[in-house]
Each structure stands twice: as C-alpha cells, then as structure tokens.
Number of protein chains: 2
Amino acid sequence: MSRLKDKILEVSTDLFQTRGINSTGVDTIVAVAGTTKMTLYKYFHTKEELILEVLKKSQSDFQTWLDKKLDSSSKKPADKIQLLFDYIEEWVTSPSFLGMGFIKASAEFPNEENPIHKLSSQQSREFRQYIAKLATEASIKDADSLALQLSLLFEGAVQAEQMKRGSGAIKYAKKAAKVLIDGAN
Amino acid sequence: MSRLKDKILEVSTDLFQTRGINSTGVDTIVAVAGTTKMTLYKYFHTKEELILEVLKKSQSDFQTWLDKKLDSSSKKPADKIQLLFDYIEEWVTSPSFLGMGFIKASAEFPNEENPIHKLSSQQSREFRQYIAKLATEASIKDADSLALQLSLLFEGAVQAEQMKRGSGAIKYAKKAAKVLIDGAN
DNA sequence: TATATACTATACAGTTCTGTATACTTTATA
DNA sequence: TATAAAGTATACAGAACTGTATAGTATATA
C-alpha cells in the first residue's frame with residue numbers, strides 16, 4: 001500500500017471524527033494530508049469509497065488490538081470476558097481515541113439502505129458476535145443475550161464519551177458489565 | 001404559535017431523522033412543509049436556530065410523555081424506576097419513533113464547542129439527572145451511579161434501534177436494567 | 001374601505017462541494 | 001539513458017447549499 005494512501009486514510013479518520021463526515025470536504029483532507037485531489041481520487045474513486053475504507057480500517061484496528069490484548073492476557077475463557085471491559089476502557093480513555101467510526105457514521109447516514117449505514121450496522125453486529133463468542137467460550141448459559149446487553153453498555157459508553165470527552169462513563173459500564181456477567185451463570 | 005412554524009418544526013424533525021441534518025436542505029424542508037424559504041427564515045433566523053428548536057421540541061415531547069406516563073402509573077417510587085424501561089420500550093418501539101435527536105445530532109456535530117453539540121450534551125445530562133431523581137426517590141443507595149448505568153443502557157439501546165429498526169435491543173436493555181436496579185439495594 | 005400582516009413566488013448572490021481535465025515534474029527502473 | 005509510474009498544480013464544470021431581495025397576493029381588522 002502506498003505511503004500517500006495511508007496518509008489520506010489517517011487524516012480522513014481524524015477529520016471525520018473531529019469535524020464530522022459530511023462537514024469534511026476532500027479539499028480539506030488533501031490539504032492536511034499534504035497531497036492533491038488527483039492523488040486522492042486515484043486511490044479512492046469516490047468520497048463514499050473513502051468513507052467505507054476509513055470505517056473498515058478503524059474497526060479492523062480496534063478489533064485487532066482488542067483481540068491481541070485478550071489473547072495475551074489469559075487462556076481461561078472465564079477470565080477473558082471479565083477483562084473485556086478493562087481493555088475497552090483502556091482503548092476508550094486513550095488520548096488518541098476520538099470516537100467509534102461506525103457509531104457516528106450510522107447517525108450521519110440514517111437511511112438503512114445507504115452503503116455506509118449498512119457497513120456500520122454490520123460492524124456493530126460483528127462486534128456483538130465477537131462478545132457472544134467470548135461468552136460462549138466462558139460457558140455462559142444465554143451467551144447471546146448477555147452479549148447483546150454488554151454491547152448496549154459498550155455503545156452507550158462510547159456515545160457518552162463522544163458527547164463529553166473524559167466523562168468516565170466507561171467506568172460505570174465496566175461496573176454494570178461485571179454485575180451482568182456474574183449474574184448470567 | 002403559528003400553524004406554519006409548527007409544520008416546519010414537524011417536517012424538519014422527520015427529515016433530520018430520516019436523511020440526516022446536514023443532508024437536509026432548507027429547500028427540501030419548505031417543499032415538504034408546503035411553504036417557502038421566506039416564511040421559514042421569518043420564524044428561524046438561521047438553519048442552526050431551526051436545528052436547536054427541533055432538538056428542544058423533540059426532547060421536551062419525550063420528557064413530557066414519559067413523565068406523564070410514570071406519574072399516572074404508580075405513586076410508589078420503587079415501582080416507578082422499575083417501570084421506566086417499560087415506558088421507554090413503548091416509546092422506542094412505537095411506529096412513529098425515528099430516533100433520539102440529541103444522539104444523532106451529537107454525532108453529526110462532534111465539536112464540543114458547537115452550540116448543537118452543547119445542547120445535545122445538556123439534554124443527555126438532563127435525562128440522566130431525571131433517572132437519578134427517580135433512583136433517589138426510590139431510596140436507592142448510590143442513585144447517581146445506577147442512573148449513569150441505566151442511561152448507558154438507554155443510549156445504547158437507542159443507538160442499536162437507530163442502526164437497525166426493530167432490533168429488539170430495548171427488550172435486552174430492560175432485562176439488564178432490572179438486574180442492575182435489583183442489585184443496587 | 002384603507003391598512004397592516006402573513007404568506008407566496010421567484011430570482012439571485014455567494015459559497016462550498018464533488019469530481020475531472022490538462023499540463024507539468026519527479027522518481028524509480030529496465 | 002529512455003520510459004513508465006507517481007505525484008503536483010490548478011482551473012473548472014456542475015450541482016447544492018444558505019440566506020436575501022423584490023414584487024405580488026390574500027386576509028383580517030380598524
């Protein structure tokens with residue numbers, strides 16, 4: 001992958017999070033990335049394609065990071081689900097955290113037929129299924145039900161953190177998650 | 001208040017929810033409302049002012065409806081907090097529900113200095129305080145902590161419902177809320 | 001009946017946005 | 001060293017957007 005393509009993706013991710021997707025023009029993106037529109041449109045045929053790739057990379061980065069953290073933490077499935085919100089807290093409270101792409105994108109593109117909304121919805125579902133896998137491996141009775149509840153806490157906490165940086169909401173999500181996990185057996 | 005001002009507010013609320021705020025032009029609004037831009041700008045000096053009034057009215061309608069429901073349901077505070085998510089479910093699963101304005105608006109205007117973001121953030125805080133008041137009246141030990149956790153479930157469930165209409169997420173939020181409320185005493 | 005008010009209709013200024021066309025420059029490589 | 005690929009610089013078409021100017025119509029009321 002090209003150095004400039006990466007730079008465009010990185011700058012777009014940042015600007016979409018801090019200014020909003022529709023409010024960020026490609027002229028701004030190339031100016032900040034230090035390149036030109038011709039180069040941007042060489043790598044991304046349309047702005048929509050750029051948005052979709054930004055979302056894919058963001059979610060992939062998060063999932064990869066989380067998976068690695070959980071994998072190197074413990075081999076016992078029961079521990080892993082308990083540690084889930086500890087790592088989520090670490091991710092969300094990191095200074096570089098600016099929000100979750102799929103949550104903001106789904107709000108900005110509310111039509112369920114829109115490709116950007118569809119991808120956002122898919123990423124939300126995939127993360128829920130990831131939690132469900134953790135719950136299943138931890139031999140939790142109704143794993144899918146717990147996973148959905150935990151995903152609500154996660155998305156709610158991210159929403160709260162996007163609303164007010166440093167809200168501390170994730171601390172309460174963690175407390176609530178522990179109660180729900182412990183009560184699910 | 002004028003008939004046309006109401007109509008403009010009503011149409012704007014609907015279009016902002018279904019197409020997004022930035023993606024909805026005033027030309028579209030007046031066309032659907034059956035009026036003209038001159039009339040719109042007579043009642044709302046800028047589009048931002050219109051957005052702010054739409055948010056205020058939406059939240060006021062929700063709060064008024066919820067408060068009336070809870071007030072006419074039971075006089076016992078312990079019952080009211082248990083019924084909270086039943087009424088939230090009724091609201092969210094109603095066919096006319098298209099989303100919560102302050103959640104979508106805060107995503108579309110992510111800058112915390114933006115007046116629209118500020119109002120969204122304020123409304124989120126006020127709703128949390130409303131839950132806290134219910135929890136306090138129900139003599140719950142750490143009412144603020146529970147209220148914050150319940151607000152995460154609420155915002156997460158709304159987010160999920162906005163992502164996929166008819167997701168049923170609110171049912172799981174209700175289940176989780178019951179566990180948290182019962183465990184908070 | 002005269003007058004203020006509410007509203008319509010429409011054109012338009014000025015900006016911003018996406019996407020492309022065109023001509024030039026730099027760099028890697030065969 | 002010749003050639004292809006990558007990137008720059010810039011102008012521009014065409015659309016969409018906010019907000020205003022201007023002139024006219026309908027209606028209520030004094």
Side-chain angles (χ1 to χ4, degrees), chain A residues 1-56 101 104-105 107-111 113-117 119, chain B residues 1-56 101 104-105 107-111 113-117 119:
Chain A
M1 209 194 266
S2 153
R3 185 195 118 261
L4 276 175
K5 184 174 182 182
D6 276 345
K7 185 71 182 172
I8 290 167
L9 276 174
E10 177 196 323
V11 164
S12 300
T13 303
D14 194 284
L15 290 174
F16 288 165
Q17 289 287 352
T18 55
R19 304 185 184 191
I21 299 171
N22 280 316
S23 301
T24 302
V26 291
D27 288 286
T28 306
I29 293 170
V30 297
V32 175
T35 181
T36 62
K37 279 205 285 188
M38 290 315 293
T39 301
L40 185 149
Y41 279 107
K42 183 191 169 192
Y43 292 117
F44 311 96
H45 300 85
T46 61
K47 188 186 176 185
E48 180 173 289
E49 196 175 306
L50 170 61
I51 299 168
L52 291 170
E53 290 218 30
V54 164
L55 288 177
K56 281 178 199 161
K104 286 186 180 173
E108 204 152 350
F109 301 90
N111 186 337
E113 297 309 306
N114 182 288
I116 297 165
H117 189 101
L119 177 60
Chain B
M1 208 194 265
S2 149
R3 185 194 117 260
L4 276 174
K5 184 174 182 184
D6 276 343
K7 185 70 183 172
I8 290 167
L9 277 174
E10 178 197 322
V11 165
S12 299
T13 303
D14 194 284
L15 290 174
F16 289 165
Q17 289 287 352
T18 54
R19 304 186 184 191
I21 299 171
N22 280 316
S23 302
T24 303
V26 291
D27 288 287
T28 305
I29 293 169
V30 297
V32 175
T35 180
T36 63
K37 280 206 282 189
M38 290 314 292
T39 301
L40 185 150
Y41 279 107
K42 182 190 168 192
Y43 292 118
F44 311 96
H45 299 86
T46 61
K47 188 186 176 184
E48 181 172 289
E49 197 176 304
L50 170 62
I51 298 168
L52 291 169
E53 290 218 29
V54 163
L55 288 177
K56 282 177 199 161
K104 286 186 180 172
E108 203 152 353
F109 301 90
N111 186 336
E113 297 308 306
N114 181 288
I116 296 165
H117 189 101
L119 178 60

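Within every chain, numbering begins at 1; the chains are lettered A, B, ... in the order of the sequence lines, protein sequences first and strands thereafter. None of these values were measured; they are calculated from a predicted model.
- When rounded to the nearest whole Å, the span between CD of A:Glu49 and P of C:dG19 equals 10 Å.
- When all heavy atoms of A:Asn111 and A:His117 are compared, the pair lying nearest together is O-CB, 3.2 Å.
- Side-chain proximity of B:Met38 to the nucleotides D:dA9, C:dG19, C:dT10 is greatest for C:dT10.
- Nucleotide D:dA6 holds its P atom 16 Å from the CG atom of A:Leu40, rounded to whole Å.
- Across all their heavy atoms, B:Phe44 and B:Ile8 have their closest contact at CE1-CG2, 3.7 Å.
- Residue whose closest nucleotide on DNA chain D sits further toward the 5' end, between A:Tyr43 and B:Lys47: A:Tyr43.
- Here B:Lys42 lies in heavy-atom contact (under 4.0 Å) with sugar-phosphate atoms only.
- A distance of 9.5 Å separates CG in A:Asn22 from CZ in B:Phe109, rounded to the nearest 0.5 Å.
- We find that CD1 of A:Ile21 is positioned 16 Å from C1' of C:dT18, with the value rounded to whole Å.
- Here the side chain of A:Thr35 is nearest to one of D:dT8, C:dT18, D:dG7, namely D:dT8.
- Atom-to-atom, CG of B:Asp27 to P of D:dT18 comes out at 7 Å; the value is rounded to the nearest Å.
- For the pair A:Arg19 CZ and C:dC17 C1', the computed distance is 15 Å after rounding to whole Å.
- The CZ-C1' distance, from B:Arg3 to C:dC7, rounds to 10 Å in whole Å.
- At a threshold of 4.0 angstrom between heavy atoms, the contacts of A:Thr28 with the nucleic acid are absent.
- Summarising the geometry, the separation between OH on A:Tyr41 and P on D:dA9 is reported as 18 Å, rounded to the nearest angstrom.
- Contact between the side-chain N/O atoms of B:Thr39 and the OP1/OP2 oxygens of C:dT8 is found at a separation under 4.0 Å.
- Between A:Ile21 and A:Lys47, the shortest heavy-atom distance links the atoms O-NZ, 3.1 Å.
- Residue A:Ile29 contributes atom CD1, which lies 12 Å from atom C1' of C:dC17 at whole-angstrom precision.
- The distance from the CD1 atom of A:Ile51 to the OG1 atom of A:Thr13 is 11.5 Å, given to the nearest 0.5 Å.
- With C:dT8, C:dC7, D:dT8 as the choices, the nucleotide that has an atom nearest any side-chain atom of A:Thr36 turns out to be D:dT8.
- The side chain of B:Lys37 sits closest to C:dA11 out of D:dG7, C:dC7, C:dA11.
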